[in-house]
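Notes follow once the structure below has been shown.
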There are 2 protein chains.
Amino acid sequence: MTENVTVKTLARELNVSIATVSKALNDSHEISIETKQKVLALAKKLKYERNPSASNLRSQKTKTIAVIVPEIANSFFSLAINGIEEIARKRDYHVLIYQTHENSEIETAFTESLVCGRVDGILISISSSTNSSSHFKSLVKKIPVVFFDRALDDIDAIKVTTDDYQSAYQATLHLIENGCKNIAYLSALSKLDTGKKRIQGYFDALKNKGLSFNKGLMVTHDPDRDKTYNRIKNLLIIQKPDAIISSVEEMVIPAYNACKALDLRIPDDVKILSFSNLSTAALLNPSLTTITQPAFEIGQEAAGFLFKLLDKKYITTEEIPVMKSVLIKRDSTSGHT
Amino acid sequence: MTENVTVKTLARELNVSIATVSKALNDSHEISIETKQKVLALAKKLKYERNPSASNLRSQKTKTIAVIVPEIANSFFSLAINGIEEIARKRDYHVLIYQTHENSEIETAFTESLVCGRVDGILISISSSTNSSSHFKSLVKKIPVVFFDRALDDIDAIKVTTDDYQSAYQATLHLIENGCKNIAYLSALSKLDTGKKRIQGYFDALKNKGLSFNKGLMVTHDPDRDKTYNRIKNLLIIQKPDAIISSVEEMVIPAYNACKALDLRIPDDVKILSFSNLSTAALLNPSLTTITQPAFEIGQEAAGFLFKLLDKKYITTEEIPVMKSVLIKRDSTSGHT
DNA sequence: CTGTTAGCGCATTCAA
DNA sequence: TTGAATGCGCTAACAG
């Protein structure tokens with residue numbers, strides 16, 4: 001490793017002051033074009049790279065944002081991150097990614113490690129095990145934060161979400177229109193707005209169509225995969241639903257497997273529909289009807305708002321969109337008997 | 001935002017020097033237990049958070065590593081990142097993630113922006129469009145780097161890879177043993193070690209079993225999805241292969257679709273086998289036989305070696321493992337006619 | 001065991 | 001338009 005080249009090096013070589021070099025590098029208007037060119041040329045020649053720590057320390061800016069998500073290995077979040085990244089790269093920002101693995105303690109630890117100036121802002125989609133908003137309330141006071149997809153009702157902050165109520169409502173309607181009368185619901189994220197709205201959409205659709213609901217038709221997600229699987233299996237045995245609507249992609253796999261184990265034919269015996277961004281949904285056996293969220297665009301939007309906050313631009317409530325999901329109908333929820 | 005609490009604040013409150021505070025915070029052995037406790041207690045009370053920029057600048061350490069991957073929305077990489085993250089979290093390191101989107105220019109830009117002390121080390125899986133190793137050769141001289149999964153042959157650095165040759169060989173053998181005589185190969189990553197070894201395994205298996213190969217049986221990946229799809233479709237029409245082996249997950253989806261479009265039955269008309277970490281592989285129609293790499297473990301191993309480098313531990317070539325893939329056989333490659 | 005001193009590399013006053 | 005001086009917050013010599 002050769003001696004590090006710093007502003008000092010450049011200044012010495014060019015017989016100018018450090019201040020001049022620094023300003024030239026930052027394209028300050030108070031430096032002549034000639035000097036700027038000289039500095040930039042030498043910088044390139046010597047492969048000068050600004051030391052981010054020093055720069056951050058001085059300027060109180062890190063050119064870095066943090067993204068906190070429950071899980072990367074989830075198509076929705078990895079797509080959303082792509083959207084975030086695209087926006088960040090345009091602004092030359094770096095992206096720190098943290099996974100909470102749905103654990104609210106890890107989540108808290110991450111956010112706390114970030115408030116001290118490691119990043120300029122935070123994008124977060126909160127973990128399913130989080131039930132207290134107090135921690136986030138103090139967070140948003142300290143640093144710009146934008147919530148995306150998963151948020152809590154009582155936090156006063158920018159939230160980029162989808163039309164969870166509407167899409168669950170439409171999905172349920174779709175099943176009803178295809179003749180289903182006993183629709184089970186696989187519930188998750190029930191502590192979050194997201195989950196609550198989805199359930200409500202399901203409920204309201206049933207009610208408006210005069211269908212009854214009994215508690216047995218609802219299965220709640222459990223971190224333990226086997227438990228979730230067994231609950232679904234029991235549901236199928238006891239309630240004999242003619243359709244299942246899954247509020248998360250994660251629960252649809254065990255649902256498929258449980259049907260298989262019980263020799264139930266999809267979609268003849270049971271129709272399955274899920275919130276999902278699975279890229280292989282169309283290739284599943286049978287193909288899976290999905291409520292697909294515009295994950296990439298949600299990421300872009302959320303990042304866009306975060307940068308507006310960083311630019312100290314004023315944001316009105318009206319300009320924050322509710323993103324629209326798409327119900328992609330496939331033969332898994334049509335009759336074809 | 002209240003006045004920031006720094007070491008100075010703590011020192012003033014406790015009537016000790018800032019050096020003492022700093023040392024206490026770093027759990028130095030040259031500070032009495034009592035003082036440490038006093039400092040720690042006040043730090044907690046005042047919610048002191050060490051300023052990372054200042055700390056990094058002084059100590060020349062960032063407690064951050066970078067992970068550069070082609071794509072997050074790829075089950076292999078997202079699982080590998082999980083492995084990396086687990087190790088990083090244990091050591092209290094932060095993880096910066098960069099996606100190259102298989103673009104070697106973006107890749108170069110990222111690495112260059114990292115050499116100036118933004119991170120302590122880099123984990124990288126290189127993009128498929130990269131064909132020159134010169135850039136990486138200079139990189140590894142400047143900063144600790146560990147390559148994982150995708151690497152270039154002529155770089156002298158630590159590489160954590162899988163048994164690409166062996167697994168491709170075994171996969172081909174499996175198809176031959178199931179009666180296939182005209183096995184097509186969907187090729188990708190051909191500039192990288194990874195891709196080359198996979199092809200070689202396929203070739204050697206054919207040769208050892210006395211099967212011939214003609215160029216038409218090989219289809220190369222194209223960034224343009226439609227092109228890839230059309231190439232595969234043409235392959236199916238012209239060569240009428242009885243099996244397809246795909247060197248990447250990305251190409252198996254168009255292969256499925258092309259078969260569907262041509263009314264070819266899988267696995268009766270064509271058997272398909274792929275390198276893949278797809279979590280839904282078992283649910284596809286028909287289920288997909290895969291060569292599954294231990295993605296999570298590869299991430300763990302790679303991160304482990306990077307931390308060994310950071311700890312300046314000596315690493316012998318012998319202790320770097322070649323990770324073993326698993327051939328998961330599903331009915332998509334068995335007869336069942 | 002504790003304190004004094006001196007920077008890390010850079011960006012920003014303010015004066016020239 | 002340029003330069004000299006100052007300090008961001010922290011750590012590491014060294015001395016006491």
Side-chain angles (χ1 to χ4, degrees), chain A residues 1-40 42-43 46-64 92 113-120, chain B residues 1-40 42-43 46-64 92 113-120:
Chain A
M1 317 221 180
T2 49
E3 187 50 41
N4 251 331
V5 24
T6 72
V7 278
K8 219 185 214 164
T9 325
L10 300 180
R12 202 187 321 119
E13 295 282 317
L14 293 169
N15 278 318
V16 294
S17 76
I18 294 179
T20 307
V21 172
S22 174
K23 285 174 192 165
L25 255 18
N26 289 314
D27 201 24
S28 160
H29 50 269
E30 50 181 90
I31 296 292
S32 73
I33 299 191
E34 296 166 356
T35 319
K36 272 185 197 170
Q37 290 179 335
K38 271 200 308 189
V39 173
L40 258 34
L42 187 67
L46 264 44
K47 293 187 181 161
Y48 165 80
E49 293 282 346
R50 177 202 259 98
N51 180 314
S53 301
S55 178
N56 297 346
L57 176 59
R58 189 60 241 259
S59 63
Q60 307 284 15
K61 284 186 183 118
T62 62
K63 284 234 161 206
T64 305
D92 239 0
S113 80
L114 291 173
V115 290
C116 55
R118 184 175 285 273
V119 296
D120 295 344
Chain B
M1 314 219 181
T2 50
E3 188 50 43
N4 250 329
V5 25
T6 73
V7 279
K8 222 185 212 165
T9 326
L10 300 181
R12 199 183 330 115
E13 295 284 315
L14 292 169
N15 279 317
V16 293
S17 76
I18 60 169
T20 306
V21 171
S22 173
K23 284 174 193 163
L25 255 17
N26 288 312
D27 201 23
S28 160
H29 50 269
E30 50 182 270
I31 295 292
S32 74
I33 298 190
E34 295 166 358
T35 317
K36 273 185 199 170
Q37 290 179 334
K38 271 200 307 190
V39 173
L40 259 33
L42 187 66
L46 266 43
K47 292 187 181 160
Y48 164 80
E49 293 281 346
R50 175 198 267 104
N51 180 315
S53 301
S55 176
N56 297 346
L57 176 59
R58 190 61 243 256
S59 63
Q60 306 283 16
K61 283 185 184 124
T62 63
K63 284 235 159 203
T64 304
D92 238 1
S113 80
L114 291 173
V115 292
C116 54
R118 185 175 283 273
V119 296
D120 295 344

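In what follows, chains carry the letters A, B, and so on, assigned in the order in which the sequence lines appear, proteins first and then strands, with residues in each chain numbered from 1.
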Atom CD1 of B/Ile33 and atom C1' of C/dT2 are separated, to the nearest Å, by 16 Å
B/Asn26 CG to D/dA12 C1', in whole Å, measures 11 Å
Taken to the nearest whole Å, CZ/A/Arg118 to P/D/dG9 is 16 Å
Winner on side-chain proximity to B/Gln60, out of D/dC10, C/dC8, C/dT2, is C/dC8
Atom CG of B/Asn56 and atom P of D/dA12 are separated, to the nearest Å, by 12 Å
For this session: Pick base, sugar-phosphate or nothing for B/Ser53, based on heavy-atom distances below 4.0 Å to the nucleic acid.
Result: nothing
Taking D/dT2, D/dC10, C/dT12 as options, the one with an atom nearest any side-chain atom of A/Ile31 is D/dT2
Pull out every protein N or O sitting under 3.5 Å from an N or O of nucleotides 3-6 of chain C, one pair per line with the distance.
{"from": "C/dG3", "atom 1": "OP2", "to": "B/Ser17", "atom 2": "N", "distance (Å)": "2.9"}
{"from": "C/dG3", "atom 1": "OP2", "to": "B/Ser17", "atom 2": "OG", "distance (Å)": "3.4"}
{"from": "C/dG3", "atom 1": "OP2", "to": "B/Thr20", "atom 2": "OG1", "distance (Å)": "2.7"}
{"from": "C/dG3", "atom 1": "O6", "to": "B/Lys23", "atom 2": "NZ", "distance (Å)": "2.5"}

- Query: Hey, are the side chains of A/Leu14 and A/Val39 touching, using non-hydrogen atoms and a 4.5 Å cut-off?
  - Reply: yes
A/Lys23 meets the side chain to side chain donor-acceptor pair (under 3.5 Å) criterion, sequence neighbours left out, with A/Glu30
Taken to the nearest whole Å, NZ/A/Lys8 to C1'/C/dC10 is 11 Å
Assert: residue with more 5' nearest nucleotide on DNA chain C, out of B/Ala54 and B/Ser32, is B/Ser32
Q. Is the side chain of A/Ser59 donor-acceptor paired with the backbone N or O of A/Ser55 at a distance under 3.5 Å, no angle test?
A. yes
Side chain to side chain donor-acceptor pair (under 3.5 Å) filter on A/Ser32, not counting sequence neighbours, yields A/Thr35
- Query: Does a side-chain N or O from B/Ser55 land closer than 4.0 Å to OP1 or OP2 of D/dT11, or not?
  - Reply: yes
On a heavy-atom basis, the closest approach of B/Lys61 and B/Asn56 is O-OD1, 2.7 Å
Taken to the nearest whole Å, CG/B/Leu57 to C1'/C/dG7 is 9 Å
Residues at least two apart in sequence or cross-chain that pass side chain to side chain donor-acceptor pair (under 3.5 Å) with A/Ser53, listed by chain then number, are none
- Query: Hey, does the side chain of B/Asp120 reach the backbone of B/Thr62 with a donor-acceptor pair shorter than 3.5 angstrom?
  - Reply: yes
note: A/Asn51, atom CG; D/dC8, atom P; distance rounded to Å ~ 18 Å
Whole-Å distance, A/Glu49 CD to C/dC10 C1', equals 15 Å
Here the pair of heavy atoms bringing A/Leu57 nearest to B/Ala54 is CD1-CB, 3.6 Å
Open item on the list: With a 4.0 Å limit, can you tell me whether B/Thr35 has a side-chain N or O closer than that to the phosphate oxygens OP1/OP2 of C/dT2?
Closed with: yes
Sorted by chain and residue number, the side chain to side chain donor-acceptor pair (under 3.5 Å) partners of A/Asn15 (sequence neighbours excluded) come out as none
(Q) Whether B/Ser22 contacts D/dA12 is assessed here as follows: a side-chain N or O lying under 4.0 Å from the phosphate OP1 or OP2. Is that the case? (A) no
Checklist entry - Does B/Lys36 use its side chain to pair, donor to acceptor, with the backbone of B/Ser28 at less than 3.5 Å? => result yes
Angle separating the five-pair end axes of the helix from C/dC1-D/dG16 to C/dA16-D/dT1, nearest 10°, is 30°
